[in-house]
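Written below as structure tokens is the structure these notes are about.
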Amino acid sequence: MSLPKDLLLSMYERMVLIRAFEEACVQLYMEKEIRGSFHPCVGQEATAVGACFAINPDDYMTCTYRGHGACIAKGIDVNAAMAEMLGRKTGISKGKGGSMHWTDPSIGLLGENAIVAAGVPIAAGAALSAQMDRNGRVALTIFGDGAINQGAFHEALNMAQLWKLPLILLCENNLYAEMTPLAKSNPLAQVADRAKGYNMRAMVVDGNDVCAVYEAVREAARLARAGEGPTFIEARTYRLLGHMIGDSESYRTKEEVAAWRERDPIKRLRAHLAQAEGVSEAEFDAIHARVSRQIEAAVKFAKESPYPDPEEAYTDFWI
Amino acid sequence: MRELTYTQALREALTEEMERDPSIILLGEDIGAYGGVFRVTEGLLAKFGPERVRDTPISEAGFIGMGVGLAMTGKRPVPELMFMDFALVAADSIWNQAAKMRAMSGGRVKVPMVIRTQQGGGRGNGAQHSQSFEALFTHIPGFKVVLPATPADAKGLLKSALRDENPVMFIEHKLLYNTKGPVPDGEYTIPLGVADVKREGRDLTIVSYSRQLLFALEAAETLQKEHGISAEVIDLRCTVPMDIETIVRSLRKTHRLLITHEAHASCGVGAEIAMRVMETAFDELDAPIMRVAGLDVPIHVSKTLEEVVLPQPAAIVRGALRLMNGK
Ligand SMILES: Cc1ncc(C[n+]2csc(CCOP(=O)(O)OP(=O)(O)O)c2C)c(N)n1
Ligand SMILES: [Mg+2]
């Protein structure tokens, strides 16, 4: 890990913020403050932060229902995000989108998506837009290992390579698609091999190493901006919680989860910062305290926000 | 007034709007070098170049999904679905993505995308290349739905569609491309969601759109000549927004309504029109509403069978006579 200490510290703080956000949401879900779908990204914070810190604020992004980490890493307003979770009028989508549809064009966020792989062609379209405008922007699309078996994914990869679009395809390979293990859903030796059929450049990185993800995405972005076309990045990671709240997790062993807890990306970065950069316990405490205050404030903001008025069912639709 | 084919009128609309608005880009299969299998985009590649007239692989879900991304980032994509039937291949991009983005984002994004396609039977293309899906687009909220019947309407409505901020499904008919009609010189547009009285009459109102409108006009002529019945023929032109007002205005005069469309009868647009008329103008009706629509079976190839499945002018005449005679 050879990145500047300041960058590492801000990545650390953002990862802690994502973890705290998700843990607060688990709590709020239990309290029935959050309804519907919620897919925590706990354990996958390094892919989100490494990727989003490696691109520019005006670069485009699509991600998935498990995309809170990516959206927070890209810079979404945490209060508005929390209010959205609680279905409030002050939410990022005024309570109309919920957990799986955070969208904020002001930070290039063209939406999470509740349909597996649907964000991939949308990001390819944004990449085409950037290519036509010659504005130097790239599009990042983050998706799971399950998405590589969807038709839309294949169609988008084919066109992205054909037209050399400035697109970064980041697969968060967390070994499971819902309850199905990777080996039961495709015959590949590794996920990144999917890119071969499209003659597309591919890399495999440790998705729990924020620096490895950062460097891979930064290189992919550099190539994309230089007109070198798309890159497929497989980031190997693990979700430490179930697919959704209430998942029995019968498809994996406690030992497997425990082993991955040892590779927790936040723990790893903390150890590195302590050992290599000499960050003190007091400094870590200050970061965690700041994040706690931010999340408490977000929850308070969300809970105190009004629900949308019934008339708003008809608004924000037709122009 | 000069005469143009439906194809020429569409091409003029695309050309004029692409000249006016550089953000409009066309995407689709064989639309560029070949000029489109229905020739609508002929010559546009030479005029606007390969970036704005982009030949795509056979990837409807992919390039309509890309259209959503293009639209969200400031472009006006016009993906072409070679046949409406292929909408089912791209259904997610169309209905889960394009149709919902704006609402799901609380109005933070817009998707000004016009999907151009052609639909309908009458040419023996069979069950997977002849379907009419306007009801699907009318049922699932999110798209404006346009079905022009004449060259003049095709041009004016397409120009409006290309200026609309919402997703628009622009539905042409494969048997209208070679039809000719007067098209005004110079700049004009026709607003979306305004029906047009194509023939005035006193005794009954016939509502239709797209190619079936021509059948309705033919039937109206027969009714007048052979039965002394004066039919008013309304071209709905758009099913979203749906102009019920123009229909009700006509019913205040005729008090009898016949709806005819090529699409399958069940849960078709006709059912929706009838319901809306019931809700708003039941008292104007002197007879039950009559529907003449496609049979609820797949569309067969053989001419003798296809003509049974798709309602012909004679069926409209029969329906009108039943409506007038009250049995
Ligand atoms: C097209 C589609 N099919 C099925 C689902 C239901 N579903 C939601 S998440 C999911 C698993 C996706 O797994 P993966 O892509 O690996 O992402 P992860 O949840 O592991 O982040 C499935 C099947 C869906 N949302 N969309
Ligand atoms: Mg997965």
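Here is the naming used below: chain letters follow the sequence lines, and residue numbers restart at 1 for every chain. We use all heavy atoms of the structure for the numbers below, so side chains are in, but hydrogens, waters and symmetry mates are not.
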Measure distances from [X] to the heavy atoms of chain A and classify the residue's part below 4.5 Å as side chain, backbone, both or neither.
X       : answer
S93(B)  : neither
V111(B) : neither
E165(B) : both
A98(B)  : neither
K100(B) : neither
P241(B) : neither
I64(B)  : neither

Find the one option among [options] whose heavy-atom pairs under 4.5 Å with chain A are most numerous.
options                           : answer
V68(B), D92(B), N96(B)            : D92(B)
G142(B), G74(B), S23(B)           : G142(B)
P167(B), G67(B), A90(B), P57(B)   : P57(B)
A103(B), G106(B), A71(B), P112(B) : G106(B)
G62(B), P141(B), S59(B)           : S59(B)
K144(B), Q97(B), M72(B), E60(B)   : Q97(B)

Worksheet item: Within 45 degrees of the axis of the six-membered ring of Y307(A) and under 6.0 Å from its centre: does R88(A) put its NZ or CZ there?
Response: yes
Quick check on the interface: out of [options], who has the most heavy-atom pairs with chain B under 4.5 Å?
options                           : result
A152(A), A156(A), G91(A), P105(A) : P105(A)
E84(A), R137(A), H101(A), K94(A)  : H101(A)
M100(A), K96(A), M159(A)          : M159(A)

Need one label for [X]: side chain, backbone, both or neither, based on atoms under 4.5 Å from any heavy atom in chain B.
X       : value
A124(A) : both
L157(A) : neither
L165(A) : side chain
F153(A) : neither

Worksheet item: In terms of the angle between their ring planes, are F21(A) and W102(A) parallel, tilted or perpendicular, with boundaries placed at 30° and 60°?
Response: perpendicular
Kindly give the heavy-atom pair with the smallest separation between [X] and [Y], and that separation in Å.
X       : Y       : result
C52(A)  : K74(A)  : CB-N, 3.9 Å
M200(A) : T231(A) : SD-C, 4.4 Å
R102(B) : F317(A) : CD-O, 3.0 Å

Worksheet item: Between atom NZ of K110(B) and atom OG of S105(B), what is the distance when rounded to the nearest 0.5 Å?
Response: 12.0 Å
Worksheet item: Considering the options R76(B), R163(B), K159(B), which one meets the salt bridge (Lys or Arg N to Asp or Glu O under 4.0 Å) requirement together with D21(B)?
Response: R76(B)
Discussion item. Any side-chain to backbone donor/acceptor pair from N56(A) onto D58(A)? Under 3.5 Å, distance only.
Written reply: no
Worksheet item: Is it true that F83(B) and F38(B) have ring centroids separated by less than 6.0 Å?
Response: yes
Item to complete: Flag the pair W95(B) / F133(B) as yes when their ring centroid distance falls below 6.0 Å, and as no otherwise.
Response: no
Item to complete: Could you walk me through whether E51(B) and Q131(A) pass side chain to side chain donor-acceptor pair (under 3.5 Å), step by step?
Response: CA-CA 10 Å; E51(B) 275 209 310; Q131(A) 184 187 63; over 6 Å; no
Discussion item. Tell me if the CG atom of L162(A) is crowded by more than 12 foreign heavy atoms within 6.0 Å.
Written reply: yes
